[in-house]
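Structure, as structure tokens:
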Amino acid sequence: MSAISGVISRQVMPACGSLCFFCPAMRARSRQPVKRYKKLIADIFPRNQEEGPNDRKIGKLCEYAAKNPLRIPRITCSLEQRCYKELRIENFQSAKIVMCIYRKLLVTCKEQMPLFASSLLSIINTLLDQTRQVDIQVIGCETLFGFINNQKDGTYMFNLEGFIPKLCQFAQEEGEDEREKSLRAAGLQALSSMVWFMGQHSHISEEFDNVVSAVLESYGGPKKGSENLDTDKQGPQSRWVQEVLKNEGHVKPSPEVITGVPSWRTVVNERGEVNMTEEDSQNPCFWSRVCLHNMAKLGKEATTTRRVLESLFRYFDNGNLWSLENGLAFPVLKDMQFLMDNSGQNTHVLLSILIKHLDHKNVLKEPSMQLDIVGVTTALAQHAKVNPSVAIIGAVSDAMRHLRKSIHCSLDDANLGAEIKNWNKNFREVVDKCLTELVYKVGDAGPILDIMAVMLENISNITVIARTTISAVYRTAQIVASLPNLSYQNKVFPEALFHQLLPAMLHPDHETRVGAHRIFSVVLVPSSLPFLTSYGGIKLPPGKMPVKTAKNNAHEGEQISNGMLARLKSSTSRVYSMRNSLVPSTSDENPVNNLNKETEAGSLRLSSRQIALLLSSIWTQSISPANTPQNYEAIAHTYSLVLLFSRTKNCSDKTLIRSFQLAFSLRNIALKQEEPLSPSRRRSLFALATSMILFTSKAYNIIPLIYCTKVVLTEKMIDPFLHLVEDRKLQAVSTESGHPAIVYGSTEDDSSALKSLSEIDVTGNQSREFFAAEIAKSLGNLENIEVSTTQEKLLSEFLPDDVCPLGAQLFMDTPKQTDQIDSKDNSPMEDTPFFTLDDVFLDSLEGQTTQTTEIVSQDSDLLSVNQLLELVCYLYHSLLLSAFCF
């Protein structure tokens, strides 16, 4: 009856509904079907405000919405109006029930989320503005957390970015009460999902710096681990074993890192809800570490990785948090490094970007911060894996550049005060230690040798810059000596480095030439460093020397006074323990034969072409009017290495003849008075040529020549500045060794040299003809060797290779006042070479810094563009240091 009455009232009598109001069948509600979702919504809210929401009814409403998606806009509209109404009347319990319904809809109606996303975001924004109700703000953060975790694309990326300032404000809420703590945890919880969402869609918000600040403020204090960051006490062999075990997974990472940073899959379940204990979910520090975990996942590309790390670095810079002991930078970056490694990313990118941060404008003004950053880089490098990646090779290159700059700083600190001088000293130490750790992580000497070649390319003609460059490269070569040379194993000397060392050996500055020889020796035969300790004059503290070398050279093991080298890792000690090299034990042994066993196991060789170029280079170097005794010593050492490696060649006889030709020709130049060389240098050249004849004779076992040349060098002192030691090395002698303190190249020294040269007898068994006959006779015992042809070649003059680089430039760039300059620079002469990187080495250069402009003007009338730029950069760095240091 009621159904019929309803039809009549709607179709026949439209006014009946307003007139016949006494009839129940005629009322307005009966003319429309009842909306089920409204009844479901009404049933969810309890009549008693103290009661909670009806979960069963919420489930029914969500099931209804999933089956009737067209009803979702009306449902959410009704919920939105109900929420605003309850907030206005401050009925917050009902508002919480509305948010429970929305969180259930997020899980049940994922596919229909666009139908109610705008409504939900509007409500969340309103909830976050309820500043007087912390509980409501926490609910808004938790709802936003679930909304973000259930997103399938980046449709609402820019809508979500609008919440970041409010969330950062919550995360930085001050106070230790339960309310403030819960608000900080809720804000960081929402930020963790926000950072995860950025990583999922490769998008970094403009507010990311604020996110980093909010996250790190709740990260917690630095972790004081028991690990020993000073690896100087560990031997190189144990260090290498530890690196191998770490790469193979036998060394477990720090347990603090593993337990402190959970995986995102552990934190959030499949429905986008928190899957942790209540204690963790209410802990701001926990959510801060979760945020850092998601930040590490952001770096899918080098660009995004750099963007994330730069934000971290800016935060550390602003708060000066780089201290290794008390700062926040190391624990945070250590966790970041572990997370990047655990996710398959290259952790060397972190080291590379961190070492480049030293050039940031904010860091350049803070010297103490620079020390801390280098220390953090060193500590992080100890936890990295060995891999010759592009990133770690770039980090090594940058560390070498900073080492060179630190030497520059040390040269300019004479008038800057004790505090700045102490900073320069400390900075140089930490950079050297950092470079050592980075080199270890490359694991292969080959790529670093290429870096050394790049640094030597176009080496400056400015004396100070050239010396500091060659010094930095030499220190790197010492460190690399302990690494296996996998790239150039059983191959010739790296061509790139070789063709940069040749010009360096012919550089106008005599100290730079000595350094080039040292680099060549260490790279060519790294396992011979214990031998080079006594042969090349590289002084080491007795405690750092190999056992056998310390015993055999006890009389040469003077203690260096608090020098840099005494605080650095001894490359010689590392190489000796790594390679188990043999060192000469008797004074009668040939230096070439002493190295035979070492070169058999060595990884580098010299090609015939390289040997020919070296002989031509030695010729050009030997007749330079700017040489010092240290130059002649270095030339003799390199000549011995050429002899050593030429014996393994099929054309060793040709090299033998060329070697004797070189020695004989140099001896003739030394005895000619009409030569442009000063008498003191002709005297040293004669000692060099005679020692070269001796070394060659011993290498090829030509007995008659050994006795004849040894008599000349030992029976009478030919040169007070060059001594033949144990018939195997030519060594420069300092003024402290007992002879009168005569300045090398002075007028008095030239007079003494003329007298010594006039007393030399080169007739009879000292004549070139006698030597040639004995050599030809010794070689005649071999097959296919004609004595007459060999003797004729030996009597001809040495002709350098036509393509020997910079042969003529050496004399063009040499100052005309060479003798006078050398007389000043070498008074007093230093026994410790320039390239041992100790304090004596720095003192020998201090005088050069004040004469930079004068030396440049002597080298050439006009500066080239490159020289001018180098000089400007050098002066700018000096002024910057003076302006901002302390």
Side-chain angles (χ1 to χ4, degrees), residues 34-46 51-87 91-130 133 135-160 162-163 166-167 186 189-190 192-194 196-197 200 267-275 281:
V34 178
K35 302 298 188 294
R36 187 183 175 195
Y37 69 87
K38 291 184 178 181
K39 185 175 185 338
L40 292 174
I41 293 175
D43 294 340
I44 291 174
F45 292 90
E51 296 181 5
N54 192 326
D55 294 336
R56 185 175 63 85
K57 294 293 184 179
I58 293 176
K60 284 187 175 182
L61 176 63
C62 293
E63 291 177 3
Y64 173 81
K67 294 178 181 179
N68 301 275
L70 296 179
R71 296 286 186 183
I72 292 179
R74 295 185 179 183
I75 295 174
T76 55
C77 181
S78 177
L79 291 174
E80 185 177 359
Q81 293 176 359
R82 179 68 180 266
C83 181
Y84 293 150
K85 175 184 175 182
E86 302 295 346
L87 289 175
N91 187 5
F92 300 112
Q93 183 65 26
S94 297
K96 293 179 182 179
I97 294 175
V98 173
M99 301 315 297
C100 290
I101 298 174
Y102 270 108
R103 285 202 292 269
K104 187 69 174 179
L105 284 175
L106 290 174
V107 178
T108 307
C109 305
K110 279 187 179 182
E111 301 296 333
Q112 295 81 26
M113 189 174 296
L115 298 176
F116 64 91
S118 299
S119 173
L120 178 57
L121 291 176
S122 178
I123 294 177
I124 292 175
N125 190 42
T126 303
L127 296 179
L128 297 182
D129 290 335
Q130 303 297 314
Q133 299 294 328
D135 295 343
I136 297 299
Q137 291 177 321
V138 170
I139 291 176
C141 293
E142 293 174 350
T143 306
L144 181 62
F145 177 82
F147 177 81
I148 297 174
N149 293 335
N150 285 282
Q151 295 297 306
K152 292 187 176 182
D153 52 36
T155 303
Y156 301 99
M157 174 67 72
F158 296 100
N159 300 79
L160 295 174
F163 293 101
K166 293 181 181 179
L167 297 177
Q189 177 181 346
S192 67
S193 62
M194 192 77 71
W196 170 82
F197 188 62
Q200 291 295 110
V267 176
V268 180
N269 57 25
E270 296 179 355
R271 296 179 297 178
E273 300 173 348
V274 178
N275 193 29
S281 61

| request: For side-chain contact (heavy atoms from CB on, under 4.5 Å), just list the numbers for Y102 and E80, CA-CA rounded to whole Å, side-chain angles, deciding distance to a tenth of an Å, and then say yes or no. | output: CA-CA 10 Å; Y102 270 108; E80 185 177 359; 4.2 Å; yes
| remark: Heavy atoms of S192 and F145 approach each other most closely as OG-CE1, 3.9 Å
| note | Rounding to 0.5 Å, atoms OG (S118) and OH (Y156) come to a distance of 5.5 Å
| message | Has T76 got a side-chain atom pairing as donor or acceptor with P73's backbone, closer than 3.5 angstrom? | response | yes
| request: Compare all side-chain heavy atoms of Q200 with those of W196 and state whether any distance is below 4.5 angstrom. | output: yes
| message | Taking the side chain as everything from C-beta on, heavy atoms only, tell me whether P114 gets closer than 4.5 Å to T155. | response | no
| request: Kindly say whether L128 contributes a backbone atom to a donor-acceptor pair with the side chain of Q137 at under 3.5 angstrom? | output: yes
| CG/L160 to OG/S193 distance, rounded to the nearest 0.5 angstrom? | 8.5 Å
| message | Between E63 and K67, does any NZ, NE, NH1 or NH2 come within less than 4.0 Å of an OD or OE carboxylate oxygen? | response | no
| How far apart are the closest heavy atoms of N149 and G272, and which atoms are they? | ND2-O, 3.1 Å
| request: Could you go through the side-chain contact (heavy atoms from CB on, under 4.5 Å) check for N275 and E273 one step at a time? | output: CA-CA 6 Å; N275 193 29; E273 300 173 348; over 6 Å; no
| request: For N150, check side chain to side chain contact (heavy atoms under 4.5 Å, CB included) against everything at least two apart and list the hits. | output: L106, K110, M113
| What heavy-atom pair brings C100 and I58 nearest, and what distance separates the two atoms? | CB-CD1, 4.4 Å
| request: Can you measure from CE (M194) to CG (L167) and round to the nearest 0.5 angstrom? | output: 5.0 Å
| Any donor-acceptor pair under 3.5 Å from T143 side chain to I139 backbone | yes
| request: Decide side-chain contact (heavy atoms from CB on, under 4.5 Å) for L115 and L70; before the verdict, give the C-alpha distance in whole Å, the side-chain angles of both, and the deciding distance to 0.1 Å. | output: CA-CA 9 Å; L115 298 176; L70 296 179; over 6 Å; no
| query | Tell me, which pairs form a salt bridge (Lys or Arg N to Asp or Glu O under 4.0 Å) where one or both residues lie in residues 150-159, sequence neighbours left out? | reply | E111-K152
| note | Of all heavy-atom pairs linking C109 and F116, the shortest is O-CE2, 3.7 Å
| request: Would you name the heavy atoms of S94 and F45 that are closest together and state the gap between them? | output: O-CE2, 3.5 Å
| request: Rounded to the nearest 0.5 Å, what's the gap from CG on L61 to CD1 on I75? Could you check? | output: 5.0 Å
| field | Nearest heavy atoms of I148 and A190, plus distance in Å | value | CD1-O, 4.3 Å
| How many angstroms lie between atom CE of M99 and atom NZ of K104, to the nearest 0.5 angstrom? | 15.5 Å
| query | Which distance, rounded to the nearest 0.5 Å, do you find between the NZ of K96 and the CG of D135? | reply | 4.5 Å
Please tabulate, for side-chain N and O atoms in residues 120-127, each donor-acceptor pair with protein atoms closer than 3.5 Å (sequence neighbours left out).
| residue | atom | partner | partner atom | Å |
| --- | --- | --- | --- | --- |
| S122 | OG | Y84 | OH | 2.9 |
| N125 | OD1 | K166 | NZ | 2.6 |
| T126 | OG1 | S122 | O | 3.0 |

| request: Mind running side-chain contact (heavy atoms from CB on, under 4.5 Å) on L79 and C83 for me, showing each step along the way? | output: CA-CA 6 Å; L79 291 174; C83 181; over 6 Å; no
